Amino acid sequence: MVPDSPPVIIATDSPAHHPPRRNLPPGPSLRPARPTRRRTLPHIHPPSFSSPPSPSTTRFHHMSNERKTLDERAQMSDLERLRHSCAHVMATAILRLWPNAQFAYGPPVESGFYYDFDLPNHRITPDDFETIEAEMKKVARENQKFEKRIISREEARALAESGRLGGLGERPDNRSVFKLDLIDKIPEGEEISCYQNGDFIDLCAGPHVNYTSKCKNIKLMAVSSSYYLGDDSKPQLQRVYGTAFATPEELAQHLHNLEEAKKRDHRRLGKELQLFAVDEKVGQGLILWLPKGAVIRQQLQDFISEELRKTGYSQVFTPHIGKLDLYRTSGHFPYYKESQFAAIPERDQFQKLADEKCSCADLAAGLESGELDGYLLKPMNCPHHIRIFAQSPKSYRDLPVRLAEFGTVYRWEQSGELGGMTRVRAFTQDDAHLFCTPEQVGAEIIGCLKLVKTVLTTLGMNDYRVRVSLRDPDSSKYVGDPANWDKAEEALRQAAIWLGVPFTEEPGEAAFYGPKIDFVIKDVIGREWQLGTVQVDYNLPERFELEYIGADNTKHRPVMIHRAPFGSMERFTGVLIEHFAGHFPTWLSPEQVRVLPISEKSEVFASEVLAQLQAANLRATLDTAPDKIGAKIRNAQLERVPYMLVIGEKEAALQSVSVRHAKRGDLGVRPLDEFLADLVQEVASRSL
RNA sequence: GCCAGCUUAGCUCAGUGGUAGAGCAACGGUUUUGUAAACCGUCGGUCGUCGGUUCAAAUCCGACAGCUGGCUCCA
């Protein structure tokens, strides 16, 4: 089973099979992932968008990762221009405080700006912000003019050699090392310029505002470390993030919005509403679904399952581990070793090796080479599903075969990347694998996209971005027939158009095994997360030698499609909590109705109301606490219970309920049976 | 993983070298209440863990664990 030659994915040794992260369009200021040389698992819900810089495909990146042309720079918006200037003002201020700082780069970003710099004998902390801001405001008051000067490459190099670039004056013995490197990166023939404000001169293509007085509505937001050029083999720099606006009012509004966003953070709401927990004793990145969160997940899964039944899927169940050989065949082990939990050696072999005083290194090497056998916590579900497909010979008449499972997978995320429900080490994909003929690929893709659209529309999530990853037309690293690729890519493109939402086509970003389409959504702090995905795969059927008998009575290789409309239940639920700010639609709410008797006098009728709600299969409770009605309402509001039924003596006499909705307020008195019928309908139709 | 910041009662937080605090929650009682907090009382903490400095540590130092943010939007 173990391939003699390196698996295909090793042979290609190209970054293209990593999920892309470099080609986000002008995206969030706070990146979803750090740059890394780790190999991250492909297919559904990649643990990160991480992929190493890809020299071989750089020229095909046509988005933000490609060097901006001077024309593009000139199109910088007014706000970006202001913020870019603020980065220079911040550099000026920092140099006045720490003259030996070496600056690397300082661009405007979506919500502000930052500057990366090396400062050997001081670590910036938030305590320094006040001082730096005060100095920045001073620079703004001095109203320095930003002056552009076009210089020759030689002159630029000379300025950098003397420490003048990114400095307030010449700094012998302190060459502008990063600027020198950046100068070397400017293509031959491109204009080189520097900008000066006051004493500060920086290598810069601009553009800038005219005077530093524009840069007074600023606030420093965060300090962090970064690697020069994002490469963890390069020196580590300090980065200070700031934000800036044209007016003080806009700045205040922005800061206010950030506060509001924090209140919607799924980690905060998850705790407040008791939806999920992460427990130190259980482990980092391992989500515990609390009873209320479990209700939401169960409702979502029921919803998906219903859609699957309608659209011809078969649901399956598979175990959480599989033999290492399975993943050697699939190519995941040991190639993606870095992203997996360590292999579990076979019990008896493990004991024998221990008796032989075998070292850990021997054990690891044995597992890797295949000399020793063992198991792996599954990093993805496809190999199991493939073996289900292969249980019986298939005819073209059997295709497509659609196997779905809420399958839990395990991935070894670096500790620094874990957080909330959006980046975890164990998560459940709403996974499915479709096995079809090459001719069926287009129709199947459309089917998948329809499902994704149904899901997102039902939940009112319309603010997402679609990314179509296509192959690099000049590369030969791809698996599968180019004609089939053309068809699959066209099908993906048509599907994206059909969806009617903004999408980007990204040539060169397809995995080596097939093109794909991803759904990307932003969280409350502006970070982008990949949710749903549909990926065509020509590779795994090859590696597992899958086949079916065609109409021509000969063997053919099926094509696989991986797809997950939610991505993972964890990440999706996290995003959903923020999307609704905890106010879930009634069908998803852990508690749908709370009955609030005004006093003990009304408790008998209130109990009857509760019984009827429960009989109608609604999730309802009764609040018999000795609180006043205002307090009961407040509690129910804070817990985001969508319907509150106030029951007093009037209501009891009329067999009616006084309805209050958590978002719509007091809806007045209604007959109980009428309210009940409407509510059952609202839940059944999954209304928003 | 790396850099920075943080970790005090179930929750939100005060306390910066000298006997651990508040509000909310919980619990007990009084109140029987009409659309976002009735009143009184009680309980609750080896100040993340381990080690060090000191007559004395929540407070200073170190290690570890966990949490949060960041780790090329390209001069």
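Just so it is clear: chains get the letters A, B, ... in the order the sequence lines come, proteins before strands, and each one is counted from 1. Keep in mind that this is a model prediction, so the values were computed, not measured.
A straight line from CG of A:Asp279 to C1' of B:G10 spans 14 Å, rounded to a whole angstrom. Residue A:Asp623 contributes atom CG, which lies 14 Å from atom P of B:A37 at whole-angstrom precision. Residue A:Phe276 contributes atom CZ, which lies 12 Å from atom P of B:C67 at whole-angstrom precision. Rounded to an integer number of Å, the gap from OH of A:Tyr105 to C1' of B:G70 is 12 Å. Taking atom CG of residue A:Asn635 and atom P of nucleotide B:A25, one finds them 8 Å apart after rounding to whole Å. Atom CD in A:Glu639 sits roughly 14 Å away from atom C1' in B:C24 (whole-Å rounding). Whole-Å rounding puts the A:Arg634 CZ to B:G34 P distance at 18 Å. Straight-line distance from the CD atom of A:Glu528 to the P atom of B:G70: 13 Å, rounded to whole Å.
For the pair A:Lys271 and A:Gly283, both in contact range of RNA chain B, the more 5′-proximal nearest nucleotide belongs to A:Lys271.
A salt bridge is absent between A:Glu161 and A:Arg171: the closest approach of a Lys/Arg side-chain nitrogen to an acidic carboxylate oxygen does not fall below 4.0 angstrom. Between A:Glu260 and A:Lys263 there is a salt bridge, with a side-chain nitrogen of the basic residue lying less than 4.0 Å from a carboxylate oxygen of the acidic one.
No contact: A:Gln274 has no heavy atom under 4.0 Å from any strand. No engagement by A:Gly668 is indicated, since no non-hydrogen atom pair under 4.0 Å with the nucleic acid exists. A:Lys650 comes within 4.0 angstrom of a base, heavy atoms only. Among the protein residues, A:Leu237 comes within range of no part of the nucleic acid, since none of its heavy atoms lies under 4.0 Å from any strand.
Going from the C1' atom of B:G66 to that of B:A36 covers 35 Å, rounded to whole Å. Taking the P atoms as reference points, B:U53 lies 29 Å from B:G21, given to the whole Å. A gap of 13 Å separates the P atoms of B:C6 and B:G62, to the nearest Å. Remark: the separation of the P atoms in B:C13 and B:A57 is 28 Å, to the nearest Å. Remark: the separation of the C1' atoms in B:G44 and B:C11 is 13 Å, to the nearest Å. As rounded to the nearest Å, B:C24 and B:G41 have P atoms that lie 12 Å from one another. The same atom, P, is picked in B:U68 and in B:U12; the two are 13 Å apart, to the nearest Å. Taking atom P on both nucleotides, B:U59 is separated from B:C50 by 13 Å, rounded to a whole Å.
Between A:Tyr241 and the phosphate of B:C71, there is a side-chain N or O to OP1/OP2 separation shorter than 4.0 Å. Using a 4.0 Å cut-off, no side-chain N or O of A:Gln236 falls inside it from OP1 or OP2 of B:C2. For B:C3, the OP1/OP2 oxygens have no side-chain nitrogen or oxygen of A:Gln238 closer than 4.0 Å. Phosphate contact (OP1/OP2 of B:G69, side-chain N/O of A:Arg267, threshold under 4.0 Å): present.
Every residue meeting the salt bridge (charged side-chain N to carboxylate O under 4.0 Å, His left out) condition with A:Arg594, not counting sequence neighbours, appears here in chain and number order: A:Glu591, A:Glu639.
Pair assignment for B:G17: none, as no Watson-Crick or G-U wobble contacts are both less than 3.5 Å. B:C39 is paired with B:G29 under the criterion used here, namely a Watson-Crick or G-U wobble arrangement in which both key atom distances are under 3.5 Å. B:G5 is paired with B:C67 under the Watson-Crick or G-U wobble criterion, all donor-acceptor distances under 3.5 Å. Across all strands shown, the partner of B:G62 is B:C50, judged by Watson-Crick or G-U wobble contacts whose two distances both fall under 3.5 Å.
Using bins of under 30°, 30° to 60° and over 60° for the plane-to-plane angle, the ring pair A:Tyr105/A:Tyr114 lands in the perpendicular bin. Using a 30° and 60° split on the angle between ring planes, A:His88 and A:Phe200 fall in the perpendicular class, above 60°.
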Quick one, A:Glu417 with A:Arg423, criterion salt bridge (Lys or Arg N to Asp or Glu O under 4.0 Å). Give me CA distance, side-chain angles, the key distance, then yes/no. CA-CA 7 Å; A:Glu417 302 203 326; A:Arg423 190 60 79 70; 3.1 Å; yes
Provide a list of protein-nucleic acid N or O atom pairs under 3.5 angstrom, restricted to nucleotides 27-33 of chain B.
unit_1	atom_1	unit_2	atom_2	d
B:U32	O2	A:Glu600	N	3.0
B:U32	N3	A:Glu600	OE2	3.1
B:U32	O4	A:Glu600	OE2	2.6
B:U33	OP2	A:Lys601	NZ	2.6
B:U33	O4	A:Pro626	O	3.3

Output a table of nitrogen or oxygen pairs between the protein and nucleotides 4-9 of chain B separated by less than 3.5 Å.
unit_1	atom_1	unit_2	atom_2	d
B:A4	OP1	A:Arg123	NE	2.7

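The nearest pair of heavy atoms linking A:Gln102 to A:Val177 is OE1-N, 4.0 Å. Considering all non-hydrogen atoms of both residues, A:Ile218 and A:Cys86 come closest at CG2-SG, 3.6 Å. Across A:Glu413 and A:Val424, no two heavy atoms sit closer than the pair CG-O, 3.4 Å.
The local environment of CG in A:Asp184 is crowded, with over 12 non-hydrogen atoms from other residues, nucleotides or ligands closer than 6.0 Å.
The side chain of A:Glu417 lies closest to B:C71 when the candidates are B:G34, B:C71, B:C11. Comparing B:A36, B:G69, B:C67 against the side chain of A:Val278 picks out B:C67 as the nearest. Checking B:G66, B:A38, B:C71 against the side-chain heavy atoms of A:Ala631 singles out B:A38 as nearest.
Ring pair A:Tyr228/A:Phe178: centre-to-centre distance below 6.0 Å.
A cation-pi arrangement is present between A:Arg83 and A:Phe245, with the terminal nitrogen or guanidinium carbon under 6.0 Å from the aromatic centre and inside a 45° cone about the axis.
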